Number of protein chains: 2
Amino acid sequence: MGREKQFSEAAVLEDVADLFALHGYQGTSLATLLAATGLGKQSLYNSFGDKRALYLKSVECSAARFQPLEAEMQGAPSGRAALVAYFDHLVGKCDSDALADKSCIVAAGLLEGVDDPLIVETLRAKWAGLRELLRDTVERGQKDGSLRNPAPAAALADLLLVVTAGLRVNARADFGTARLQSSVGLALSMLDNDSLLEATRGPPEGPH
Amino acid sequence: MGREKQFSEAAVLEDVADLFALHGYQGTSLATLLAATGLGKQSLYNSFGDKRALYLKSVECSAARFQPLEAEMQGAPSGRAALVAYFDHLVGKCDSDALADKSCIVAAGLLEGVDDPLIVETLRAKWAGLRELLRDTVERGQKDGSLRNPAPAAALADLLLVVTAGLRVNARADFGTARLQSSVGLALSMLDNDSLLEATRGPPEGPH
DNA sequence: ACTGTAGTTGACCGATCAGTCCAATACCGC
DNA sequence: GCGGTATTGGACTGATCGGTCAACTACAGT
């Protein structure tokens, strides 16, 4: 019964996620959201709740958008090919005309230093989820022989996480796509490195 | 003539820089600044101007605080040792009790997506300056033989920049110091890698 | 001690913040 | 058509935003 919504919740959520990725949680005002989505304040509150809830939902939306890539990675012929696809996707988005693509809502949110503990915990969980995906992929590459670096997969995944986040910052610093790709290439070559190479300093490895 | 200031501008600027690093430019309100520094609004405006000017000055202050490390790097016995000192400093700060140390005002500011073009340009310039330092250090390491990766120093510096920024994000994600150090170790091992390493895109299976 | 100058304090400003309330509207089932 | 329900737009709230103003205070030079 009643009137039907005159917008697609999913589409709005995607726009919102872009804005949050671009300007962060605190840096995105309701007014900005309203102007970008074109809908009224009450419609937004009816559908998604307050700003916090909207943000959390847009994080989920962002994660959902990531799923096709995840599938592509799992369908890749080797662990290494999966990682190439992953970074291709990452760098490719930085080349997009839409500058919103240059950002990651999770990485931006983590670095932003929000106070809200629920938000922080959610972002950490998403980041940990990505880490698991990367760790599994690295492990797979080590098993299928496409990655010859014998360091613990978890440690390599941590570094790939570092690269993922760092690429975003460099993209903001106006580095061209070519330079981002070069960085990715070097990072991948590290995964290929089969010389001794254990962490030259610090603990032998992290917790298993 | 007149009354003398009852605070040290330099000390205040350091506190302010910590706050900006922690919560970003947009995320740090005047009220927060006032409460943390303990001084009145007008004192702050008299000494530093408006929020934007204060931010820019705190960025400079942050860069100045970096100088001792830069000197240490230049005094290091080798290019590689200089980079070890650099990352030791970086990771060491993440271990600090003060969580403000876990952040970098430049990296945070870049990822934050501020609109102000002067701020963005300033941050980009600082980031580029750090890149030059890293490039020179890598070059030095390649010449003195402490770094065996023959890839272009500029490309390696880009990746070290990526690592620098990414470490900050992982630190926010509550990764322990051990895991950060492990990531640094792997990144350094990449610099030691003397196998193939072509820049952008590696062959599926290296002809090793 | 007087005077001029600089620093400090707190009241105050309009704009914007996130969020609420309510009346008007449009639609579904009947 | 009619009744009920969900959506919508606009007015409105108190809090906070960055920033200004003027009165007050403390000190240096004379």
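Letters A, B, ... mirror the listed sequences (proteins, then strands); counts begin at 1. Everything numeric in this text was worked out from a predicted model, so none of it was measured.
Contact annotation: B:Ser29 does not reach the phosphate of D:dT16 (side-chain N/O to OP1 or OP2, under 4.0 Å). The shortest distance between the side-chain N/O atoms of A:Ser43 and the OP1/OP2 oxygens of D:dT7 is not below 4.0 Å.
With hydrogens and angles ignored, no donor-acceptor pair under 3.5 angstrom links the side chain of B:Lys51 to the base of D:dG19.
Side-chain contact between A:Leu156 and A:Met190: present, with at least one pair of heavy atoms (C-beta onward) separated by less than 4.5 Å.
Computed from coordinates, the B:Lys5 NZ to D:dA28 P distance equals 15 Å when rounded to whole Å. Straight-line distance from the CG atom of A:Leu44 to the P atom of D:dG9: 12 Å, rounded to whole Å. Between B:Leu30 atom CG and D:dT20 atom C1' there is a gap of 12 Å when expressed in whole angstrom units. Straight-line distance from the OH atom of A:Tyr45 to the P atom of D:dC12: 19 Å, rounded to whole Å. The separation between B:Leu33 atom CG and D:dC17 atom C1' is 13 Å, rounded to whole Å. Atom-to-atom, CG of B:Leu54 to C1' of D:dG19 comes out at 13 Å; the value is rounded to the nearest Å. Between B:Leu19 atom CG and D:dG18 atom P there is a gap of 12 Å when expressed in whole angstrom units. The distance between atom CZ of A:Phe48 and atom P of C:dA18, rounded to the nearest whole Å, is 16 Å.
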So which protein N/O to nucleotides 25-28 of chain C N/O distances come out below 3.5 Å?
from: C:dT25; atom 1: O2; to: A:Arg3; atom 2: NH1; distance (Å): 3.4
from: C:dA26; atom 1: O4'; to: A:Arg3; atom 2: NH1; distance (Å): 3.4
from: C:dC28; atom 1: OP1; to: A:Glu4; atom 2: OE1; distance (Å): 3.2

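B:Thr164 and B:Tyr86 share a side-chain donor-acceptor pair at under 3.5 Å. In this structure, a donor-acceptor pair under 3.5 Å is present between the side chains of A:Ser103 and A:Arg172.
Listed nucleotides: C:dC17, D:dT8, C:dG7. Nearest to the side chain of A:Ala31: C:dC17. For A:Lys41, counting side-chain heavy atoms from C-beta on, the closest listed nucleotide (D:dT7, C:dA18, D:dG19) is C:dA18. With distances taken from any side-chain atom of B:Asp50 to the nucleotides C:dA18, D:dG19, C:dT8, the minimum falls on D:dG19.
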TODO: Take B:Glu9 and B:Leu13 through the test side chain to side chain contact (heavy atoms under 4.5 Å, CB included) and record every step on the way to the result.
DONE: CA-CA 6 Å; B:Glu9 285 201 12; B:Leu13 219 44; over 6 Å; no
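Around the NZ atom of B:Lys5, the shell of radius 6.0 Å holds more than 12 heavy atoms that belong to other residues, nucleotides or ligands.
Remark: B:Glu60 does not engage B:Lys57 in a salt bridge, criterion side-chain N to carboxylate O under 4.0 Å.
Between the side chain of A:Lys51 and the backbone N or O of A:Ser29 there is no donor-acceptor pair closer than 3.5 Å.
Here A:Thr28 lies in heavy-atom contact (under 4.0 Å) with sugar-phosphate atoms only.
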